[in-house]
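Beneath this line is the structure, given in structure tokens, with notes to follow.
Quick caveat: nothing in here was measured; it's all calculated off a predicted structure.
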There are 2 protein chains.
Amino acid sequence: MKAQELHGHLDALLLAVLEQGALHGYAIIEALRARSDGSLDLPTGTIYPALRRLERAGHVASTWSTVSGRERRTYELTDPGRQALAGERAGWREFQLTVGRFLGPDNPPTPA
Amino acid sequence: MKAQELHGHLDALLLAVLEQGALHGYAIIEALRARSDGSLDLPTGTIYPALRRLERAGHVASTWSTVSGRERRTYELTDPGRQALAGERAGWREFQLTVGRFLGPDNPPTPA
DNA sequence: CTTCATGCGTAGCTACGCTACTTGTCAGAC
DNA sequence: GTCTGACAAGTAGCGTAGCTACGCATGAAG
């Protein structure tokens, strides 16, 4: 899948992944890959800046920890983040309906 | 609807609109607005360059005409364009499924 | 001791949609 | 007679945001 299409939807995906529990950056990348059956294999240069954006926006909060000598930055959803996620879900639904009206498989507006 | 989300899907929308018949730029903008119930109100600075891109790619062909003193550039889908549209449709379906797995309304993977 | 998985991060690039603008015709208002 | 606004095309420059390609460090495996 061409990942450029994610433009504007990545933040929502990250929030959705964190909805199930706090994760550190690397684990988020793996979670996205796993839950999408490999379709979403996003590079760190995409994920880390995006997480910083979300933290600046107050949608996630991060805490450092050290696991077997390795530094980890674990992110968790905040309450505003949860609200934002709800908004993103609604936005996604509208987007899906609108675009689907043009690209849906059963969309011919002048069929018969 | 935030139109920035269109990133990467605009070409597909334009092809889909032209699938129903040739249109000139201005009419395409109106068609998008009409078929989306006003959700997609795209500025000329978005549409015209996009149509040029599609023409360079060989997905549409344009012909000039003059209607009551006004110059019109009418675009129509080419055969490669039709194939491209089919590909975009498949891509959209995959994209929709993948993102929907995270943002769908009934997606909690660890519900009970 | 070298390689690979884990883990974080940034600099610079590029694609692409948007804002704001210009040019021009024609219809209708004033 | 002039002016506003719909119609119709177009470009220049901007900003956003994801990507490529790096660099750094630790620990396990060969």
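Listed nucleotides D:dT11, C:dC8, D:dC19 differ in distance to A:His24; the shortest reach to its side chain belongs to C:dC8. Proximity note for B:Thr44 (side chain, C-beta onward) versus D:dG10, D:dC19, C:dC16: the nearest is D:dG10. Of the candidates C:dC16, C:dG9, D:dT16, the closest approach to any side-chain atom of A:His7 belongs to D:dT16. Here the nucleotide nearest the side chain of B:Arg72, chosen from D:dA9, D:dT16, C:dG17, is D:dA9. Nearest nucleotide to the B:Glu30 side chain, out of C:dC8, D:dA9, D:dC7: D:dC7. The side chain of A:Tyr26 lies closest to C:dC8, out of D:dA6, D:dA9, C:dC8. Of the candidate nucleotides C:dT25, C:dG7, D:dG10, C:dT25 has the atom nearest to the side chain of B:Arg70.
A salt bridge links B:Arg73 to B:Glu55: one of the charged nitrogens lies within less than 4.0 Å of a carboxylate oxygen. In this structure, A:Arg89 does not pair ionically with A:Glu94, as no charged nitrogen and carboxylate oxygen lie closer than 4.0 Å.
Between the C1' atom of C:dC16 and the CG atom of B:Leu51 lies a distance of 14 Å, rounded to the nearest Å. A:Glu55 places its CD atom 14 Å from the C1' atom of C:dG9, with the value rounded to the nearest Å. Rounded to whole Å, the distance from CG on B:Leu32 to C1' on C:dG17 is 14 Å. Between A:Phe95 atom CZ and C:dG17 atom P there is a gap of 11 Å when expressed in whole angstrom units. At whole-Å resolution of the value, NE2 in B:His9 and P in C:dG17 are 10 Å apart. Taking atom CG of B:Leu13 as the reference point, atom C1' of C:dC16 lies 14 Å away to the nearest angstrom. Between B:Leu6 atom CG and D:dG18 atom P the separation is 15 Å, expressed in whole Å. In this structure, A:Ile29 places its CD1 atom 13 Å from C1' of D:dG18, rounding to the nearest Å.
Two residues, B:Ile47 and A:Trp64, neighbour DNA chain C, and the one matched to the more 5' nucleotide by heavy-atom proximity is A:Trp64. Projected onto DNA chain D by closest heavy-atom contact, A:Asp11 and B:Tyr75 fall at different nucleotides, the more 5' of which corresponds to B:Tyr75. Along DNA chain D, the nucleotide nearest to A:Leu10 and the one nearest to A:Gly69 differ in position, and the one closer to the 5' end is contacted by A:Leu10.
Using bins of under 30°, 30° to 60° and over 60° for the plane-to-plane angle, the ring pair A:Trp92/B:Phe95 lands in the perpendicular bin.
Put simply, the side chain of A:Thr78 never gets that close to the backbone of A:Ala61: no donor and acceptor are under 3.5 Å apart. Judged by distance alone, the side chain of A:Ser36 and the main-chain N or O of A:Leu40 form a donor-acceptor pair under 3.5 Å.
Look at A:Tyr48 and you won't find any side-chain N or O under 4.0 angstrom from OP1 or OP2 of C:dG9. At D:dC19, one or more side-chain N or O atoms of A:Thr46 fall inside 4.0 Å of OP1 or OP2 (strictly under the cut-off). Residue A:Arg53 has a polar side-chain atom (N or O) positioned under 4.0 Å from OP1 or OP2 of D:dG18.
Using a 4.5 Å cut-off on side-chain heavy atoms (C-beta onward), A:Tyr75 and A:Leu54 make no contact.
As judged by a 4.0 angstrom heavy-atom cut-off over every strand, A:Gly25 is placed among residues touching the sugar-phosphate backbone only.
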